[in-house]
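Numbers here are sequence positions counted from 1. Note that ligands are numbered from 1 as they come in the structure, with each ligand's atoms numbered from 1 the same way.
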Amino acid sequence: MMNIYIFEDSQTLYEEAARQVISLVRQKPDAVLGLATGISPLGLYRVLIDDHQKNRTSYQHVTTYNLDEYLGLAPDHPQSYRHYMHEHLFTHIDINSDHTHIPHGDTDNPPRECRRYNELLTGTTLDLQVLGIGSNGHIGFNEPGTPFDLETHVIALDEKTRQDNAVFFAQIDDVPTHAITMGIANIMRARTIVLVAIGAKKAQAVKQMIQGAVDNSCPASVLQTHRDVHLYLDIEAAKHLS
Ligand code: GLP
């Protein structure tokens, strides 16, 4: 059963989703977190930073693994997910940067980099995985059609995904064509999943994720089979739910 929470106000949504992360870290200071990028988790990260500053929740013993990274972007590229995590979370909390893991987008050997990252993941258990959802139903960069049993792999990005993400780049041609992503098998091994979806652009994917058939035309539909999933939706993202 999916736990679904619908909010009128996005700030309350971010606070509630962040509360789940914060209470885990307080109960288990060496928690292992799976992290996401994109617009959706930004508000959640702001609440974590605020709480760290006000209430001193510590991330000193926390370890993190990010879902994905664009292939071809160096860590200091302004649109790399390494740069995003640095800017929007890591520099504002007391996490040890040696404990933060993101696939290397500038690798000259993507299959080897996938194996390296996947070995890190199989050697640990994610206590909680933060997710967004693509407008085409992707999670991480597992695009429609990706088999559910794949682990970390290289993916060719959908045209839809490249268009959605073009807002962050000067022009569409600058959006990488490929990425390294955790597979759905990796994501599904997380003990708890917290997914954030905001806005009407996500409404169709959200409906398919919750009320559609479990198949890889909507990768997020696999979450129907996870035993501890929490979906934080705003009214617009939830508007097609019956
Ligand atoms: C991106 C990321 C995903 C993210 C999704 C939604 O491309 N690879 O991890 O969840 O697409 O992004 P946004 O939150 O910006 O809509």
Side-chain angles (χ1 to χ4, degrees), residues 7 10 13-14 17-18 21 33-47 64-73 77-85 87-89 101-105 114 117 121 126 128-146 150 152-169 172 174-184 186-188 190 193-209 218-223 226 229-234 236-238:
F7 297 84
S10 57
L13 183 160
Y14 295 132
V21 180
L33 302 179
L35 298 178
T37 51
I39 292 170
S40 314
L42 282 177
L44 186 159
Y45 296 152
R46 277 197 299 272
V47 179
T64 66
Y65 293 88
N66 265 75
L67 282 168
D68 46 18
E69 178 62 284
Y70 288 119
L71 262 180
L73 299 192
H77 187 286
Q79 300 315 331
S80 76
Y81 287 161
R82 167 56 78 181
H83 186 264
Y84 168 112
M85 290 310 302
E87 285 285 292
H88 296 298
L89 184 63
H101 304 91
I102 303 179
H104 297 156
C114 290
Y117 200 69
L121 289 172
L126 301 172
L128 184 151
Q129 174 68 58
V130 176
L131 289 180
I133 180 170
S135 63
N136 63 358
H138 74 214
I139 47 176
F141 268 135
N142 292 280
E143 300 285 26
T146 307
L150 280 196
T152 310
H153 61 281
V154 172
I155 184 94
L157 300 180
D158 266 13
E159 259 330 285
K160 181 92 179 76
T161 299
R162 294 187 66 239
Q163 277 161 18
D164 286 350
N165 290 0
V167 290
F168 301 105
F169 293 82
I172 180 108
D174 296 342
V175 183
T177 56
H178 291 75
I180 292 180
T181 183
M182 275 191 206
I184 287 182
N186 303 109
I187 295 171
M188 290 296 281
I193 290 181
V194 166
L195 181 144
V196 173
I198 310 275
K201 218 176 76 179
K202 304 294 171 71
Q204 198 49 47
V206 164
K207 183 179 172 61
Q208 254 190 288
M209 161 173 71
C218 175
S221 65
V222 74
L223 301 176
H226 191 279
V229 57
H230 302 262
L231 309 177
Y232 292 83
L233 315 175
D234 77 344
E236 284 300 304

Whether the side chain of H101 engages the backbone of L121 through a donor-acceptor N/O pair (distance < 3.5 Å, no angle test) should be reported. no
Which protein heavy atom lies closest to atom 16 (O) of ligand 1, and at what distance to 0.1 Å? K202 NZ, 2.6 Å
Under a 3.5 Å cutoff, is there a donor and acceptor pairing between the side chains of N165 and Y70? yes
Per-residue contact class, N165 against ligand 1 - non-hydrogen pairs under 4.0 Å: side chain
Quick one: look at A36 and ligand 1, take heavy-atom pairs under 4.0 Å, and tell me if it's side chain, backbone, both or neither. neither
Per the side chain to side chain donor-acceptor pair (under 3.5 Å) rule, which among Q163, K160, K201 passes with S135? K160
Which ligand 1 atoms does G38 reach within 4.0 Å, using its non-hydrogen atoms? 14 (O), 15 (O)
State the atoms of ligand 1, each with its element, that fall below the 4.0 Å cut-off from a heavy-atom position in G132. 10 (O)
Report the member of T37, D68, V167 with the shortest heavy-atom distance to atom 8 (N) of ligand 1. D68
Counting each atom of ligand 1 from 1 as listed, which ones have a heavy atom of I133 under 4.0 Å away? 6 (C), 10 (O)
Short list, please: which atoms of ligand 1 are under 4.0 Å from a heavy atom of S40? 13 (P), 14 (O), 16 (O)
Atom 5 (C) of ligand 1: which protein heavy atom is closest, and how many Å away? H138 NE2, 3.4 Å
Would you say ligand 1 has an N or O under 3.5 Å from any N or O of I39? yes
Protein contact of atom 3 (C) of ligand 1 - nearest heavy atom, named by residue and atom, plus distance: G140 O, 3.5 Å
So, applying side chain to side chain donor-acceptor pair (under 3.5 Å) with N136, which one of Q208, Q204, E143 is it? E143
Ignoring hydrogens, what is the shortest heavy-atom contact between I133 and K202? Give both atom names and the distance. O-NZ, 3.0 Å
Given that the side chain starts at C-beta and the backbone is N, CA, C, O, which of these parts of Y81 lies under 4.0 Å from ligand 1, counting heavy atoms, or is it both or neither? side chain
Might you point out which heavy atoms bring Y81 and I102 nearest each other, and give the distance in Å? O-CD1, 4.0 Å
Going by heavy atoms in the side chains, are M209 and V222 under 4.5 Å from each other? no
Heavy-atom closest contact (C114 atom, I180 atom, distance): SG-CG2, 3.9 Å
